[in-house]
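Heads up, the thing below is written out as structure tokens.
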Amino acid sequence: MMFDQLSTAISGVTQSFTPRQRITEKNIAPALRDVRRALLDADVNINVADALIAGVKKRSVGTEVLKGVSADQQFIKAMYDELLDMMGGDSGADDAGAGPMGGSGSGIPVATLATATSASTPSVVLLAGLQGAGKTTAAAKLASFLKEREVDYDAVAALSEEERRGLITSRMPVRERKVLLVAADVYRPAAITQLEVLGKSVGVEVFSLGSEVDPVDIARGAVEKAVEEGFDTVIVDTAGRQVIDADLMDELKRIKNAVQPSETLLVVDAMTGQEAASLTASFDSAVGLTGAILTKLDGDSRGGAAVSVRGVSGKPIKFVGVGEKISDLEPFYPDRMASRILGMGDVISLVEKAATEVSDEDAMKMQQKMADASFDFDDFVKQARLVSKMGSFAGVAKMLPGMSGMMDNAKIKDLEKRIKRQEAMICSMTKKERANPELLIKDKTARSRLTRITKGSGTSFDDGMVFISEFQRMRTMMSRMSKQMGGGGAPGGDMEAAMAGGGGMEPPLGNRALRRQAKKKKKGGKGGGRGFGA
């Protein structure tokens, strides 16, 4: 998973901190040494790693540990601020929408794409890079993003302060650009066909003159077409090479001189680590870049590329690819990325992902069901499928603060298997049983119903009893949390148990029946089987 190696190493460093009143060079030296080793192991460029450590040292040494804050928390704050600045953010920004540690978090990416200056001057985006980095796919993903999801920050700025308050990215007004994709890779077999197929899938027109025409003429013809037919953005997919060579650079220069692009973006593979930063610097010195698109970030467990690119090349990361779907392209937010690297999760991105899948009306209905404990089995399946739409369960869980180091891959796989078994049981229920869980909890026919359900789903009767017991507990917990939100705070709980009723979560204090049940279970009893006639 993304940044697992780096975030796990840094979490281990902070756990070694002991209570102290003042951070000195001597008592912080072991932690800085371990963090530097973690950065180098994550394939962060050595100059970037050294600069990061020097910055953290400068922010930390000689400072008093603030009242109510532990030394490790203050150290993490210094790490967060330094990472934020290194990746292009502003740790000194005083922003109402600040990130998790108080840094820049306005909801506006540090680097946005240029827009058309007039009807006769479309915005031209030139994509460059090596073969295998995912340029053609990135072109289609970018076209889809600009067409459907790019936020119109000018329109947002025109909203009143009240209208902007609490507005998340997925609910902001969008630009809805008219995009033209250009197939200027005439060398790779099927590159033009690939772009045409991708363009059709996202509803974007693709301009092509075949593989026998000079790429410079193709790019020039595309811009002329854009002006004539009212396209406001042109994305040019150029050819890649196995290595950086003079022919590649010459062709890019000729295309750039012909179309005068507003943006020249380098598409780099995040899994190449610090080499991605070196590539960005090389391309920038040769043709001049305005930024980079980091692809395959979901497969980069180390994080070296994300941390190094701006530090080495001075060019911002504008977008990151976080999956294989066309919609898996996101603007790069340094504050959110720093938060993920430090294992603090990314709640804002999680909320935005959920908001794209659920309407406000549906969310309100679900909230009401949770509050009055009328959450049923149909709702359970909806929530499980919502999580799967948002990505893997591991990816979603690790976007929650503090979850990064709590759930290893074995636990996550076990949890996903349990959820699938539970979905199978629900699919074996009748519509009446799914809508009315009490039929499987208190009704006199509960035992015979559950026997039929477990046989139909290929699970054991004991699995069914455990699921119903856990479902009861989860429904009670969600009701309490909904009622206490905004009041005394939501009670703590185990994420695993909340999602699938996993074992290990102690029942909340004050519920005598649940406490007795938990004690009975620990002694080897079969507590929780109430309502089945057992």
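Excluded from the calculations below are hydrogen atoms, water molecules and symmetry mates; all remaining heavy atoms, backbone and side chain alike, are included.
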- Task: Evaluate side chain to side chain donor-acceptor pair (under 3.5 Å) for Asp284 paired with Ser313, printing each intermediate quantity in order.
- Result: CA-CA 8 Å; Asp284 181 49; Ser313 68; over 6 Å; no
- Item | Stepwise side chain to side chain donor-acceptor pair (under 3.5 Å) test for Tyr187 and Gln131 | CA-CA 11 Å; Tyr187 306 108; Gln131 281 185 357; over 6 Å; no
- Apply the test side chain to side chain donor-acceptor pair (under 3.5 Å) to residues Arg310 and Thr280: give CA-CA distance (whole Å), side-chain angles for both, the deciding distance (0.1 Å), then the verdict. CA-CA 9 Å; Arg310 188 177 181 277; Thr280 307; over 6 Å; no
- Dump the intermediate steps for side chain to side chain donor-acceptor pair (under 3.5 Å) on Thr290 and Glu263, then the final yes or no. CA-CA 6 Å; Thr290 57; Glu263 301 275 359; 2.7 Å; yes
- Message: Please determine whether side-chain contact (heavy atoms from CB on, under 4.5 Å) holds for the pair Phe332 and Leu294, giving the CA-CA distance in whole Å, both sets of side-chain angles, and the decisive distance to 0.1 Å.
- Response: CA-CA 9 Å; Phe332 181 76; Leu294 212 54; 5.8 Å; no
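Side chain of Asp41 to main chain of Ala38: no donor-acceptor pair is present (N/O by atom type, distance under 3.5 Å, no hydrogens or angles). Between the Asp328 side chain and the Val322 main chain, no donor and acceptor come within less than 3.5 Å of each other.
Counting heavy atoms from C-beta on, the side chains of Glu150 and Arg177 come closer than 4.5 Å. Taking the side chain as every heavy atom from C-beta outward, Ser60 and Gln74 never approach each other to under 4.5 Å.
Looking at Arg37 and Asp34, a side-chain N of the basic residue comes within less than 4.0 Å of a carboxylate O on the acidic one, giving a salt bridge.
For the side-chain contact (heavy atoms from CB on, under 4.5 Å) test, no residue two or more places apart in sequence or in another chain qualifies with Glu324. Here Phe231 pairs with nothing under the ring-ring contact (aromatic ring centres under 6.0 Å, His included) rule; sequence neighbours left out. Glu25 pairs by the side chain to side chain donor-acceptor pair (under 3.5 Å) definition with Lys57, not counting sequence neighbours.
For the pair Arg149 and Phe145, the NZ or CZ position fails the cation-pi test of under 6.0 Å to the six-membered ring centre and within 45 degrees of the ring normal.
Residues Asp237 and Thr136 bring a donor and an acceptor atom of their side chains to less than 3.5 Å of each other.
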